[in-house]
Amino acid sequence: MKVYLVGGAVRDELLARPSGDRDWVVVGATPAEMIEAGYQPVGRDFPVFLHPQTHEEYALARTERKTAPGYRGFVVHAAPEVTLEDDLARRDLTINAMARDAEGALVDPHGGQRDLQARVLRHVSPAFAEDPVRILRLARFAARLHDFSVAPETMALMRAMVEAGEVDALVAERVWQELARGLMEAKPSRMFELLRECGALARLLPEVDRLWGVPQRAEYHPEVDTGVHLMMVLDMAARLDANLAVRFACLGHDLGKGTTPADVLPRHIGHEMRSRKLVRSLCERWKVPTDCRELAEVVAMEHGNVHRSGELNAAAVLRLLERCDALRRPQRFDELLLACECDARGRLGKEAEPYPQRERLATALRAALAVDSAPIAEAAAARGLQGPAVGDAVREARVAAIAAAL
């Protein structure tokens, strides 16, 4: 039995980057021998075990054979005679198909180290085409290693996969998993640009794909192109270290501009409502988590009002807070404000500009939350007020507090 460190840990070590979990491949063992040695079986689709002390994953060397469309259409073969080279040959990219043996020697049959040095993402073999998830994975790696290019033959293969309908067989859970991970990388725009280049974006996220080539008013958007703007917003969200919900809200905030009638361009009247409907549809299709969906919907509807909030008086500011459910969900409102800042600064020449609306509305919310509604309601009731009139008294107190704070 021989054990090898494989995949991402080897790649990241060669790149001098911090690595996450370490994965191991075991050659020359059976599942029974692994269990007898104290390893805990956890693999559902193929033999994977947890180390008894470190709890790191150890997988038996395996090969795969394509039997049906999609990423689940494989038959896995794991046996003692499967070699390390056999196992590495089934991996997606050359930079992920390297290993280190027990003595630390590098095993690199597909030139992964060479491609790391050349900053190239290249598929290992034609078997890449058998798993459409690999298109998403490559795009995600491009968002992380954003100074890497894609080998021309790999891009050609991905285009052929899209044309053959492979991405149409992807299941929602895997699509969302890869999109979410890509959104959290250092330059998320790279993921969407590569998906667009190979044609997968139009199949998976047509609402996003149709934004390129749609003009906006240059006085507000010097970059003009809506797709270009969206990419700048996503990269600004990464620059500001936004969480996943905020980054997804940035992705969906302007989807409605892709459906603006041509005769009214470059204006986008009513795009907010259209954006919310498209966000909702996208979320249903890919089973996006509730927190991401809810924030994306409110950002789609209210980002324009937040941008214009410096012109609002205290009463109008309170109405904005109420529409955003900020009094009940102040943390989500903070996320909304961050998404709006990303939108405002994700524009050509605007990247370093301040966004005072964020602090002004945060101040207004703190003032509104500081109002103790109980004694105000009691005093109103003592004056004979009932029902909505009591609520109006509380609202008046909040408006006064906001006005004083602003």
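The figures that follow rest on heavy atoms only: side chains count, while hydrogens, waters and symmetry mates do not. Counting begins at 1 with the first residue of the sequence.
With Thr259 as the partner, the side chain to side chain donor-acceptor pair (under 3.5 Å) test is satisfied by one option alone out of Arg274, His271, His268: Arg274. Across Arg329, Arg323, Arg328, a single residue satisfies side chain to side chain donor-acceptor pair (under 3.5 Å) together with Asp325, and that is Arg328.
The environment of Glu81 atom CD is dense: over 12 non-hydrogen atoms of other residues, nucleotides or ligands sit within 6.0 angstrom. For Gln331, the CD atom is loosely surrounded, since the number of other residues' heavy atoms within 6.0 Å does not exceed 12. Counting non-hydrogen atoms of other residues, nucleotides and ligands closer than 6.0 Å to CG of Asp21 gives a total of 12 or fewer.
Put simply, the side chain of Leu282 reaches to within 4.5 Å of the side chain of Leu255, judged on heavy atoms. You'll find the side chain of Arg203 stays beyond 4.5 Å of the side chain of Leu170, heavy atoms only. Looking at heavy atoms from C-beta onward, Met155 lies in side-chain contact with Cys198 at the 4.5 angstrom threshold. You'll find the side chain of His123 stays beyond 4.5 Å of the side chain of Arg134, heavy atoms only. Residues Glu297 and Glu294 have side chains not in contact (no heavy-atom distance under 4.5 Å, counting atoms from C-beta outward). Under the 4.5 Å side-chain criterion, counting only non-hydrogen atoms from C-beta, Lys350 is in contact with Pro222. The closest side-chain heavy-atom distance from Leu312 to Arg319 is not below 4.5 Å. A heavy-atom distance below 4.5 Å is not found between the side chains of Glu13 and Leu106.
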Step-by-step salt bridge (charged side-chain N to carboxylate O under 4.0 Å, His left out) determination, Arg137 to Asp92: CA-CA 9 Å; Arg137 277 175 52 82; Asp92 52 3; 2.8 Å; yes
side-chain hydrogen bond (donor to acceptor under 3.5 Å, both in side chains) evaluation trace for His307 with Asp343: CA-CA 9 Å; His307 293 334; Asp343 178 29; 2.7 Å; yes
Pair Glu351-Arg239, salt bridge (charged side-chain N to carboxylate O under 4.0 Å, His left out): steps then yes or no: CA-CA 10 Å; Glu351 297 88 346; Arg239 175 177 163 185; over 6 Å; no
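Put simply, CG on Leu88 and OG on Ser125 are 11.5 Å apart, with the number rounded to the nearest 0.5 Å. Distance check: Leu295 CG to Asp291 CG gives 8.0 Å after rounding to the nearest 0.5 Å. Note that CZ of Arg196 is 6.5 Å distant from CG of Asp209, once rounded to the nearest 0.5 Å. Between the CE atom of Met232 and the CG atom of Asp225 there is a distance of 11.0 Å, given to the nearest 0.5 Å. Note: Leu327 CG to Leu318 CG = 6.5 Å, rounded to the nearest 0.5 Å. Put simply, CG on Asp263 and CG on Leu265 are 8.0 Å apart, with the number rounded to the nearest 0.5 Å.
Ion pair Glu322/Arg395 flagged as a salt bridge, since at least one NZ, NE, NH1 or NH2 atom sits closer than 4.0 Å to an Asp/Glu carboxylate oxygen. We find that Arg122 and Glu153 are joined by a salt bridge, their nearest charged nitrogen and carboxylate oxygen being less than 4.0 Å apart.
Judged purely by distance below 3.5 Å, without hydrogens or angles, the side chains of Thr363 and Arg366 pair a donor atom with an acceptor atom. Between the side chains of Gln177 and Arg174, a donor-acceptor pair is found at a separation under 3.5 Å. For the residue pair His110 / Thr94, no side-chain donor-acceptor distance below 3.5 Å is found, with atom types taken as modelled. Side chains of Asp86 and Thr63: no donor on one and acceptor on the other come within 3.5 Å.
Heavy-atom minimum distance, Ala238 versus Pro188: CB-CD, 3.7 Å. Nearest heavy-atom pair across Ile135 and Phe128 is N-CZ, 4.2 Å. Minimum heavy-atom separation, Val233 to Gly346: CG2-O, 3.9 Å. The shortest non-hydrogen separation linking Ser373 to Val394 is CB-CG1, 3.8 Å. Nearest heavy atoms, Asp12 versus Ser19: OD2-OG, 3.5 Å. Residues Glu223 and Leu348 approach most closely at OE1-N, 3.0 Å, considering heavy atoms.
Between His253 and His229, the angle of the ring planes goes over 60°, which puts this pair in the perpendicular group of the 30/60° scheme.
Taking the centre of each ring, Phe192 and Trp212 stay at or above the 6.0 Å mark. For Tyr58 and Tyr39, the gap between ring centers is short of 6.0 Å.
Put simply, the side chain of Ser309 gets close to the backbone of Val306: a donor and an acceptor are under 3.5 Å apart. Formation of a donor-acceptor pair under 3.5 Å by the Arg332 side chain with backbone atoms of Cys324 is found in this model. Checking side-chain atoms of Arg190 against main-chain N and O of Phe148 turns up a donor-acceptor pair under 3.5 Å. A donor-acceptor distance shorter than 3.5 angstrom exists from the side chain of Asp235 to the backbone of Ser189, with no hydrogens or angles considered. Within the 3.5 Å criterion, the main-chain N or O of Ala143 finds no donor-acceptor partner in the side chain of His146.
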